[in-house]
Amino acid sequence: MKIKIYTLLLTVVLSGISTVTHADSKPRVIVTSDGEIDDECSLARFLLYSNEWDVEGIITSSSQYHWQGHKWAGDDWAQPFLEAYGKIHPNLIKHDPDYPTAEYLKARTLLGNVKAEGDMEKATPGSQLIVDVLLDETDNNPVWLQAWGGTNTIARALKTIEEKHPDKMEYVANKMRFYFIWEQDPTYQDYILPHWGKYNIQTIISDQFWAIAYQWKKIIPEELHQYFDAKWMNEHILNNHGPLMSQYKAHVKGSYGLSGDYDFTPGDFRSEGDSPAFLHTINTGLRSLESPDWGGWGGRYKQVRDNTWLDPVTVPNYTYPEGRWYTSSAWGRMSMREGSKTTKAQRTEYFKPMWRWSEALQNDFAARADWTIKAFNEVNHPPQVKVAHAVDLSAVPGETVILNAKGTFDPDGDQLQYRWWQYTEADTYSGEILLQDANQPRSSFTVPKDASKGNSIHVVLEVKDNGQPALTRYQRVVVEVE
Ligand SMILES: [Ca+2]
Ligand SMILES: [Ca+2]
Ligand SMILES: [Ca+2]
């Protein structure tokens, strides 16, 4: 905590004498959401992580499912969550002084384009906020635009920039990163790609989010259901956890419709289909922002065309569809539909980049729910994982790479469990390495003889504490074969 405050002060001092480029700045995020019940659940979790980012905007938008007057949660659906956040803010800052105030967030929570599916006819307060953030040349750090609904309000903002500031399009494009939860309207295909495609904007379009959406019980392996079932949710989230968590919409009697005919109980986790969009931008040490195919709490993606990243489909000879990646085309969603010929093993594999983090993800949520009501010394905080060497290394085949977690500590003084493992799906070396002392703070491995120059080997240092609930953080080390 002290180190962080010091860094902050230093930044303030420096900003007086020059334009700041924050070497270690937080990700800047803008959410556009269609206010569905699972967006409400995602927003509750999002607010618990608002200390991790510069939240530039929370914009209500439409989608193919929701628009003003059609299954509409109301223009101000986010307000009760922000009100509740305001009540817990004094407690949250005991755990991290970086939590923004409710007033700060409210000033950035605006209505975007909501009149119909794909509405991008006129500029709106929400689209204008996106325009202003993107055009602001006093801050050139990337902005993560997360579409939890349709892409229409983002499209409207870009159209305004194209019409009024065509000379700024390239600047704006360089600053944007997209993370879409499906393409929930046609505006990405009809407007964004034809007009902005030439700039090759990094675009993740997720389908694997479905692992933690309505059908989670059919996707997440059974041994992990304990982190989503009513017993766990009641104890860690829903009961006795303050005004924000009491608004969290888990299943209630009769709410199972969208989830299919599974065996749900009131209190069971319901859906947070939009959360992967922001989970991707949490600094867990997995370095997921460095490339969409590295993987992290927001899933792992594959470059399918240009700078467009979709979910890796593992069935042989699969061809990705042209056009929209959405509820009627994306592999995972289609695999869950009646009559699909896919096997359970294929589906489990496909959704693994998302569900593999379930325990860490849910325990982290639970700890933050505790933060909303308790003092620092009464609750758990995650370990801070460090290594005593660079996080990017290089080595030749036959060389031994020494890995050392020296410097790792837990802010609560908890005991730590270490685990070094190779993220084989994420690295380009096709074989497996043998990690010595993989459960010790120091580990090592020898670069295999068959590794080729240019191959990468990704080793994840995973550190779990023994607090309640147990929390996990990481440090990914990337070894390039020379
Ligand atoms: Ca949504
Ligand atoms: Ca701890
Ligand atoms: Ca590999």
Side-chain angles (χ1 to χ4, degrees), residues 1 31-43 46 58-67 71-73 77-78 95 112 114 117 146-153 179-185 206 209-210 212-214 249 258 270-278 293-295 300 302 312 326-327 360 363-364 366-368 370-371 376-385 408-417 421-433 448 450-452 454-460 463-473 478-479 481:
M1 216 49 78
V31 170
T32 66
S33 164
D34 60 345
E36 188 167 302
I37 281 179
D38 84 326
D39 297 62
E40 294 187 45
C41 294
S42 289
L43 181 63
F46 175 91
I58 301 172
I59 312 294
T60 293
S61 194
S62 53
S63 70
Q64 70 185 98
Y65 308 104
H66 305 278
W67 58 88
K71 298 183 182 175
W72 190 238
W77 69 275
H95 303 273
V114 298
E117 174 187 352
Q146 311 170 1
W148 301 10
T151 50
N152 58 316
T153 300
Y179 192 125
F180 303 151
I181 301 294
W182 287 335
E183 293 168 54
Q184 295 184 48
D185 69 27
S206 178
F209 76 82
W210 199 247
I212 58 167
Y214 298 101
K249 293 187 175 169
L258 267 174
R270 190 170 183 172
S271 181
E272 281 190 43
D274 299 312
S275 294
F278 69 78
D293 55 358
W294 282 19
R300 186 170 53 79
K302 174 186 165 148
Y326 73 130
T327 187
N363 279 351
D364 218 73
R368 288 188 183 227
D370 290 341
W371 293 8
F376 193 90
N377 62 7
E378 294 176 317
V379 295
N380 200 10
H381 305 83
Q384 299 208 14
V385 183
T408 298
F409 68 98
D410 186 86
D412 315 298
D414 294 325
Q415 282 177 24
L416 300 176
Q417 262 180 48
W421 52 277
Q422 182 193 2
Y423 199 163
T424 54
E425 296 95 328
D427 64 18
T428 62
Y429 171 56
S430 57
E432 289 186 16
I433 58 166
D450 66 349
S452 317
N455 276 175
S456 65
I457 297 173
H458 288 216
V459 179
V460 175
V463 180
K464 181 174 165 181
D465 71 16
N466 71 339
Q468 288 294 330
L471 298 179
T472 305
R473 284 293 182 276
V478 176
V479 181
V481 180

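Atoms within each ligand, like the ligands themselves, are counted from 1 in listed order.
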note = In D414, the N/O/S atom nearest the Ca ion (ligand 2) carries the name OD2

task = Look at G149 and state whether any of its N, O or S atoms is less than 3.0 Å from the Ca ion (ligand 1).
result = no

key: N/O/S atom of N380 inside 3.0 Å of the Ca ion (ligand 2), strictly under   = yes

ask   = Counting no waters, what protein N/O/S atoms lie under 3.0 Å from the Ca ion (ligand 3)?
value = T424 O, D427 O, D427 OD1, Y429 O

task = Quick one: closest heavy-atom pair of Q422 and Y429, and the distance?
result = NE2-CD2, 4.1 Å

message = If the cut-off is 3.0 Å, does any N/O/S atom of E36 fall short of it from the Ca ion (ligand 1)?
response = no

remark   = Nearest heavy-atom contact between S42 and G273 is OG-N, 4.3 Å

message = I'd like to know if the side chain of S206 reaches the main chain of I181, judged simply by a donor and an acceptor atom lying under 3.5 Å from each other, with no hydrogens or angles considered.
response = no

key: Closest D274 atom to the Ca ion (ligand 1) [N, O or S only]   = OD2

query = Has the side chain of S63 got a donor or acceptor atom that lies under 3.5 Å from a matching backbone atom of H66?
reply = yes

query = Among side-chain atoms of N380 and D465, is any donor-acceptor pair under 3.5 angstrom?
reply = yes

key: D364/R473 ion pair, N-O < 4.0 Å   = yes

task = Return the name of the atom in D465, of element N, O or S, nearest to the Ca ion (ligand 2).
result = OD2

message = With a sphere of 6.0 Å drawn around CD of E378, does it hold more than 12 non-hydrogen atoms of other residues, nucleotides or ligands?
response = yes

inquiry  = So does A470 get a backbone contact from the side chain of N363, meaning a donor-acceptor N/O pair under 3.5 Å?
reply    = yes

inquiry  = For the Ca ion (ligand 1), give me the closest N/O/S atom belonging to D34, just the atom name.
reply    = OD1

task = Kindly indicate whether the side chain of P383, heavy atoms from C-beta on, has any atom under 4.5 Å from the side chain of L471.
result = yes

query = Nearest to the Ca ion (ligand 2), which N, O or S atom of D412 do we find?
reply = OD2

query = the Ca ion (ligand 2) is nearest to which N, O or S atom of H381?
reply = O

message = Angle at the Ca ion (ligand 1), OD1 of D39 to O of W148, rounded to 10 degrees, please.
response = 150°

query = What closest approach, in Å, do P382 and P411 show between heavy atoms, and which atom pair accounts for it?
reply = O-CD, 3.2 Å

key: N152 side chain to S61 side chain, donor-acceptor N/O pair below 3.5 angstrom   = yes

query = Would D38 count as a contact for the Ca ion (ligand 1), in the sense that one of its N, O or S atoms lies under 3.0 Å from it?
reply = no

